[in-house]
Amino acid sequence: MQRLVVLGSTGSIGLSTLDVVARHPDRFSVFALAANRSADRLFEQIRQFQPRYAVLVDTAAAADLQQRVQQAGLATEVLAGVSALAEVAAAADVDTVMAAIVGAAGLLPTLAAAKAGKRILLANKEALVMSGPLFMQAVRENGAVLLPIDSEHNAIFQCLPAPGHERDLRGERSLRANGVEKILLTASGGPFLRRELHELAHVTPDQACAHPTWNMGRKISVDSATLMNKGLEVIEACYLFNADRAQVDVVVHPQSIVHSLVRYVDGSVLAQMGNPDMRTPIAHAMAWPERIGAGVAPLDLTLIGRLEFLPADVNRFPCLALAYQALAAGASAPAVLNAANEVAVEAFLAGRLPYTRIAPVIAETLQHCPVPPVETLDALLAIDAEARRIAMQQVGVQAA
């Protein structure tokens with residue numbers, strides 16, 4: 001019986017995780033559920049899974065939720081604030097942490113889980129992009145196990161040899177030591193893959209969030225449209241699999257059936273395939289090294305008809321080029337990239353920034369923000385704050 005914390009339980013990854021949990025009550029119990037401010041949905045999850053703790057970052061929402069929990073006669077204790085996220089993630093009674101809080105907000109509790117030596121199911125790519133060396137050091141020094149949830153990284157993990165070696169999960173062996181020549185990350189291309197470039201200046205947030213194959217939250221949907229999502233995944237893959245930049249390429253695959261590929265030095269290429277449903281990688285990581293049912297329909301290639309692969313055009317997707325630029329710059333450049341992207345996407349979703357200004361805001365922030373090496377979490381957070389300040393100036397909003 002694995003005792004599970006779900007960070008971001010009310011988001012799309014959290015909902016899929018709890019769907020898998022509900023299918024296997026003999027294998028998983030929920031120790032804690034955590035969200036930002038979605039009190040109504042979290043209350044229903046408390047009723048169903050009866051965790052020991054529930055956490056809301058928003059203190060007012062947490063107070064309201066605590067009252068509702070007490071009135072319903074439920075035993076769950078409601079906690080509030082960012083520090084409570086880290087507390088439940090590192091709790092002694094916890095075996096596994098699903099890290100699914102979107103953006104930089106997920107860094108502190110996920111790092112706390114690593115320092116506590118937990119089994120971490122990593123869906124929050126931004127945490128690793130921001131703090132790659134610090135995060136991987138915490139994983140190695142504390143004996144944590146890091147299992148990727150992003151469909152692409154989970155696919156790579158499934159295609160690598162001897163996945164039972166925990167040293168491979170801690171970045172202690174290079175890809176070349178496993179005979180791997182290259183990783184190929186697939187990208188759907190999002191909703192604007194075939195749209196004329198001159199039309200992109202007028203696209204709306206709802207259009208950007210209308211992903212053709214995946215059902216995701218709004219921020220990650222925009223990242224998928226710009227291909228920044230793939231850029232962040234390139235950086236994440238380098239840390240997860242101890243790869244260098246030249247070993248990670250991106251190919252556009254609109255059908256989202258092949259989730260990623262691994263090419264070996266002997267010419268072999270292994271691909272992991274499946275219907276686009278996040279319950280597949282979630283169930284794989286939750287049960288690893290075993291396999292369990294995920295509730296996902298089996299793949300029928302005869303119904304798909306064809307699989308298409310295209311080069312990733314950086315003229316259409318300049319955010320991908322910016323991610324490679326940040327990766328090449330190293331030091332804290334990936335953290336600056338991530339911070340600027342979060343600010344720009346938030347402004348776009350709020351109607352304050354045109355879609356075509358997302359990439360320029362990021363580029364200008366990378367140009368003007370210092371990117372020194374960082375050795376401590378405090379230094380990293382200071383760089384993140386400075387990058388957000390500069391990016392907010394670019395979108396016409398003064399930082400508080």
Does a donor on one side chain and an acceptor on the other come within less than 3.5 Å for D206 and T204? no
Can we say R218 and D223 salt-bridge, meaning some charged N sits less than 4.0 Å from an Asp/Glu carboxylate O? no
Indicate yes or no: does R279 engage D19 in a salt bridge with an N to O separation below 4.0 Å. yes
Taking R68 for its side chain and A63 for its backbone only, find out whether a donor-acceptor pair lies under 3.5 Å. no
Has H259 got a side-chain atom pairing as donor or acceptor with T186's backbone, closer than 3.5 angstrom? no
Can you confirm if the aromatic rings of F31 and Y53 lie within a centre distance of less than 6.0 Å? yes
Aromatic plane relationship, F157 with W288 - under 30° parallel, 30 to 60° tilted, over 60° perpendicular: tilted
Can you label the angle between the Y355 ring and the F348 ring as parallel, tilted or perpendicular, going by 30° and 60°? perpendicular
For the pair E44 and R41, find out whether any cationic side-chain nitrogen is under 4.0 Å from an anionic carboxylate oxygen. no
Regarding E236 and K230, does a basic nitrogen lie under 4.0 Å from an acidic carboxylate oxygen? no
Crowded around R23 CZ? As in, over 12 foreign heavy atoms under 6.0 Å? yes
Within 45° of the ring axis of Y324 and under 6.0 Å from its six-membered ring centre, is that where the NZ or CZ of R245 lies? yes
Taking a hydrophobic cluster as the set of Ile, Leu, Val, Met, Phe, Trp and Tyr residues connected by side-chain heavy atoms closer than 4.5 Å, whether directly or through intermediates, do V234 and L232 fall within one such cluster? yes
Does any N or O in the side chain of K182 come within less than 3.5 Å of the main-chain N or O of Y264, such that one atom is a donor and the other an acceptor? no
Carboxylate-amine/guanidinium proximity below 4.0 Å for R388 and E346: no
Please report, to 0.1 Å, the donor-acceptor pairs under 3.5 Å made by any side chain of residues 85-93, with sequence neighbours excluded.
{"unit_1": "D93", "atom_1": "OD2", "unit_2": "R52", "atom_2": "NH1", "d": "2.7"}
{"unit_1": "D93", "atom_1": "OD2", "unit_2": "R52", "atom_2": "NH2", "d": "3.4"}

Test of understanding: clusters of I, L, V, M, F, W, Y form through side-chain heavy atoms closer than 4.5 Å, transitively. Do V248 and L310 belong to the same one? yes
